[in-house]
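Worksheet: one structure, shown below.
Here the structure is a predicted model, which means the values were calculated and not measured. We use all heavy atoms of the structure for the numbers below, so side chains are in, but hydrogens, waters and symmetry mates are not. Just follow the structure's listing: the first ligand is 1, and inside any ligand the first atom is 1.
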Amino acid sequence: MCADKTASAGAPTGLPLASPSAVRPEVCGFKPYTPGLSIDEIRDRYGLAHVIKLASNENPLGTSPVVQHALRHKANLAFRYAQSGNPRLTAAIAAHHGVPAECVVAGNGSDEIIDLIVRVRAVPGVHNVVAFNPCFSIYELQTRLAGVEFRQTPLAADFSFDWDGLMALVDDATAVVFVTTPDNPSGFCPPVADLERLARALPSGCLLVVDEAYMDFCGDESAHSLLGRIDEFPNLAVLRTFSKSFGLAGLRLGYGILPVQLADYLRRVRLPFSVNILAEEAGLAALADDVFRAETLRVTSEGRAALTEGLTALGCHVYPSKANFVMFRPAPASSPSSSGGAAHLFEELLRRGIIIRPLKSYGLPDLLRVSVGSPDENAAFLKAAGEIMAHA
Ligand SMILES: *Cc1c(COP(=O)(O)O)cnc(C)c1O
């Protein structure tokens with residue numbers, strides 16, 4: 001047991017609780033999640049009228065008008081609990097992907113599904129969870145919160161996946177392996193054959209969780225995703241989200257497609273109404289809105305190409321991306337005395353009202369990630385970045 005700051009140092013471990021604020025040892029080292037900065041924060045800090053946020057991979061087209069209509073139309077339902085288990089929504093998701101509805105579990109963002117998978121599968125002190133380093137921070141946070149060992153192996157220098165390194169960490173006590181594809185923050189997206197090989201190579205008791213939050217941006221899902229073939233892989237779970245291409249980040253809606261029995265257990269332990277009634281209605285409307293999705297994918301793919309070209313032309317090193325963001329290393333400073341680099345560019349962009357994502361929290365202080373915005377936002381970002389780097 002660890003005590004909070006107000007309790008006496010060196011509090012005895014074990015029960016009884018030293019103070020009402022004492023917490024489990026797993027919780028002591030926790031720092032708050034590092035999100036992208038918010039528009040309001042930067043508007044207030046620098047007294048700006050207009051702020052562009054390209055930090056959290058949100059949809060550049062905003063919220064679909066069809067979804068807005070559904071939300072207004074259904075606002076009167078806010079007093080009701082959603083139907084337990086969200087059967088209409090899970091049926092619609094299942095139909096969208098051509099998978100059985102029993103395999104689908106909806107959650108309060110795919111973050112909730114990640115949390116549930118770890119807690120349902122992994123026994124503290126017995127099992128471990130394996131991922132690459134860096135990886136999406138929620139895998140590690142929820143694993144540590146569960147008191148379960150978290151093992152990581154570094155990505156290759158070019159941010160591709162070192163599968164041998166990953167397999168070397170796996171043993172009979174590995175409950176879950178997390179892989180993100182396309183990866184965050186690099187945008188790297190391995191061929192589907194690699195995942196096939198991994199799924200087959202893992203011990204049969206180990207669940208492979210492929211987080212496909214960005215998969216629909218890759219341009220050719222059958223070349224990169226196993227989702228259409230889950231019946232071939234009894235140890236495979238796939239995560240998707242409404243936060244990115246569907247434009248519903250603020251409503252919190254994601255889902256997992258899981259082996260049937262595991263899906264059943266997740267539904268049993270999930271807090272009953274974690275997917276609220278308006279999120280459910282928005283999700284249903286978003287799934288039916290092919291026009292908005294097609295436009296999102298087009299704008300994203302064109303914007304990604306524009307950012308890649310533009311940053312490359314400015315002398316940055318841009319990593320190839322299949323997602324709705326690109327990771328890059330800023331151009332080397334023109335004068336050796338100047339404090340160039342990622343931190344400088346990030347801060348100077350902020351002053352000009354453009355928020356991108358520093359990658360210090362991923363352990364990558366020399367790199368930055370910028371989300372694909374609207375054509376105007378991308379152009380404004382490239383113009384400002386060019387000016388800043390010219391004066392570095
Ligand atoms: C954005 C993102 C998610 C989605 O999270 P939600 O909880 O559904 O908003 C999941 N995984 C990765 C790697 C992400 O970047």
Give a yes-or-no answer on whether the side chains of Ser110 and Arg240 include a donor-acceptor pair shorter than 3.5 Å. no
Between Glu212 and Lys244, is the closest basic N to carboxylate O distance under 4.0 Å? no
Near ligand 1, which residues have a heavy atom under 4.0 Å away from one of its atoms? Gly109, Ser110, Asp111, Phe136, Thr180, Asn184, Asp211, Ala213, Tyr214, Thr241, Ser243, Lys244, Arg252
Scan residues 89-101 for pairs that pass side-chain hydrogen bond (donor to acceptor under 3.5 Å, both in side chains), counting only residues two or more places apart or in two chains. His97-Tyr255
With Phe381 via ring-ring contact (aromatic ring centres under 6.0 Å, His included) - residues at least two apart: none
Summary of side-chain hydrogen bond (donor to acceptor under 3.5 Å, both in side chains) pairs that have at least one residue in residues 51-66, sequence neighbours excluded: Lys53-Ser56, Lys53-Glu58, Asn57-Tyr214, Asn57-Ser371, Asn59-Thr296, Ser64-Asp289
Distance-only, no hydrogens or angles: does the Asn86 side chain make a donor-acceptor pair with backbone N or O of Leu89 under 3.5 Å? no
